[in-house]
Amino acid sequence: MKRVLAVDDTITFRIMLANCLRKAGHEVIEAENGKEALNKLLADPPDIVITDLNMPVMNGLEFIEEARKENAGRGLPMLLLTTEVAEHLKKKAREVGATGWLTKPFDPAQILRLVDQLT
Amino acid sequence: MDEMEEFLTVFFQECEERLGELQDNLALMVDGEWDAETLNAAFRAVHSVKGGAGAFGLDALVEFTHVFETVMDALRSDQLQLTPKICQVLLRASDMMSALIEDAQGNGAADKGLADKIRAELDALAKGEDPDAAAANVELAAPAAAEEPAEPKKDEAPAAAPAEAAAEEPEEDMGPPERELEILFEPGPDFVRSGHDPLKFIRALRQFGSVKAVADGDYPPLSDHEPYETQLTWRITLDTAVDLGEIDTFLIMYQLAADIEVSEPPSAEETPATAPTAEAKAPEAPAEADRKEPEAAPAEEAPAAEAASEPSEPTKAKEPSEPAPAEPRAEEPKRAGEGKAAAQQPRVSKALRVELSRIDRLVNMVGEIVITQAVLSQNFSDLDTGVNVEIGHAVEALSRQTRELQESVMAIRAQPVKSVFSRMPRVVRDLCASLNKDARIILSGEHTEVDTTVIEELSEPLTHMLRNSMDHGIETPEKREAAGKPRTGTINLSAEHRGERVRIVIEDDGAGINRERVLSKAVENGIVPPDATLTDEEIDMLIFHPGFSTAEKVTNVSGRGVGMDVVKKKVQALGGRVVVSSVPGKGTKFVITLPLTLAVLDGMTVGVGNERFILPLSSVVEAVKLDESNIDILPGEVRVMRYRGEWLPMICLELALNMETARSAADLVVVVETETDGRVAIIVDELLGQRQVVLKSLEANFRRVDGVSGATILGDGRVALILDIPSLQALSGGGALVQEMMI
């Protein structure tokens, strides 16, 4: 059982993601933007983070960048799950320390495999 | 100290280690995950204890280990086949050996009758298979072996292994030949920082086939080590039948942070013999590696563990057929000069044995220096600025250096939790037998390092919790089957660093906490009122309540109602916390977080009158302004305060500790958590900030004082007492009474 922080402003997406993870027995903490996610991450560090990129208040890249400055976020697997494919964003993702880049729509089996693999 | 006595001390220390190795290897045998080297290592452990015992004339130990060794020798030379029954005898024998070693140290007496009985069993084993050969072994094998493993040279140990390895290999063919892929794996500088772990990558590759990883590059000395930097690259040989496309898909995840090149080697001829043997060994290698891999400091230890455990397998497999290829050789320098047996290689590093008391002295002295330094800094900052810039710089530098010194000294005391963890599989096995259940335990992160004193204190709560999981969590095989779960239950025990703390998780896949029963029991015992509405989490936490037990009948395993609250007390006494979470039908998870050391405490300094006190930061909940209208006085002069819907008993330090001091303000209270999960409010005048304090025992230097757990010296040279909340609560009285009246 892993503790997964799922961040997405689209409720449907968040629920789909959370359901897929919960069914596999993982514990899911949800957040709807980077800011909320950062607070939850600091309050009780998860084992892995899966976050959307485009979100209000604080986007996924900013969230990862901020989280990496914290003890709880150092070395933590943080995956971006987004519809974006632009190279400059991927480059930015690498710079802020994202663990990996996944494109929506997601394949539940792949997500579960990655959770096992990276934590 | 007498010279002989000194040697004895060293010998007993070594016995400890050898016993540990023996138990590790026996555990592998019991789990059926052994190979020739396992038997060799177990043999060597017994043998070297015997050798030492002989030198000191510890006859009882010599006699016993001699027979033990004979059986081990018969096993490793294939004259005796390992069966579960034999495993049981060996386990008992290792316990007896441990008892005899204790005995030799003059602690506790071993049961002579039992020793004789086990010896007879071993004797029978040694002779049972083939009395003549066994008898001959007693005479011949032991002395012959004495030369080799007693002073194991690294060249000899692998040389002994191939003979046995070759014997057991032939028929384990894994079907069609697969191709070998060469993967060049170069993690970028930020690989670990961005949430990856080379070790996890290599492990994940195993889903495609058997993996052999060789690290390249120079690893800096530990002192220059940057945990978040990856200086190594790996050459990985993957035996796989999976096509490249699939592997590429897998690699995408890692390509943000690493350069990975996959190629098929030009000719299969260049790396013969490796493929089949590596395959044959594959089922064992991961199991072994999993057990030994560090979790907490992956970047630091990964190359050593992976490199050391992997090459040991090609070495023994390949040598009979051809000279060892270049790869394992490349690893040789790392272990050259270790002079240790092959089985130990995964965890040996150059080490110096030092008695704990010497280190304690060092820790104490450093503690004093830290204090002196703090005094110096404080006084300097009180001086007029610009007195002397040079001195200012020096004071700055000194403060940095003392902090480093303190950290380095603390690091000496750090020990991997392995010493405690490795005892746990045995606990589970024993419980399986006595409870008629079937469960296995999976350890991870045993290399996580924690202060020695914490480790010593950890064993008891961990055992308690495992018992609880086995007794209440894991169901009987029949029930598990009915619930659609595998008959064998699984308990995961893991440790990892989280910032300045260590996090230990015990997780089972049992029935979970039966909340209905817990709640009804709690109501029955008067712990909660009948009409209380509690959240699931609150109900789960009830199991830590003193005197709480749901066991329908008292078993000798748990259920005397002393289990879990003892765990909580113990963990809190170590400055830690324990939390439980549970999913009905799925399992229960206990998370313990502990400070890395007991010598330093994170504290909050508070002022009461002219005095300074330290509250352990881990128990502080909140500080709030005192509002007279929220205070009520109960009979018996007990003052209580309304706080977020509850009533808290208030502790007045000058009353509780009989201080003669005039309060200045007394308008602040600090809310702290007590061991019994209640909260109390302590009245203080001012909050002076958080700081790490070096603990000084009052008991050792003065005498035990109620309400106080120790003392420390502040930057200005004043002594501050460290408050012990539970005993304070008892001192101020009425705490329990108040809680009763609240309900």
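Numbers restart at 1 for each chain; the letters A, B, ... are given by sequence-line order, proteins then strands.
Side-chain contact of A:Asp47 with A:Thr119: a donor-acceptor pair under 3.5 Å is absent, judged by distance alone. Side-chain polar atoms of B:Ser494 and B:Asn492 form no donor-acceptor pair below 3.5 angstrom. Neither side chain, A:Arg22 nor A:Asn19, offers a donor N or O lying under 3.5 Å from an acceptor on the other.
From A:Leu41, atom CG reaches atom CG of A:Leu5 across 6.0 Å, with rounding to the nearest 0.5 Å.
Looking at B:Phe590 and B:Ser469, their side chains come closer than 4.5 Å, going by heavy atoms from C-beta outward.
Only the side chain of B:Tyr254 has a heavy atom closer than 4.5 Å to any heavy atom of chain A. For chain B, the nearby parts of A:Leu118 are the backbone and the side chain; heavy atoms of each come within less than 4.5 Å. The parts of A:Arg74 that come within reach of chain B are both its backbone and its side chain, each placing non-hydrogen atoms under 4.5 angstrom from that chain. Interface remark: A:Ile48 contributes no atoms to any contact with chain B (heavy atom separation under 4.5 Å). Contacts between A:Leu102 and chain B at a heavy-atom distance below 4.5 Å involve the side chain alone, from C-beta outward. When heavy atoms are compared at a cutoff of 4.5 Å, A:Gln110 does not approach chain B at all.
With chain B as partner, the option from A:Gly25, A:Ala93, A:Ala98, A:Gly75 having the largest number of non-hydrogen pairs under 4.5 angstrom is A:Gly75.
In this structure, B:Phe191 and B:His196 have parallel ring planes: the angle between them is below the 30° cut-off, well short of the 60° mark.
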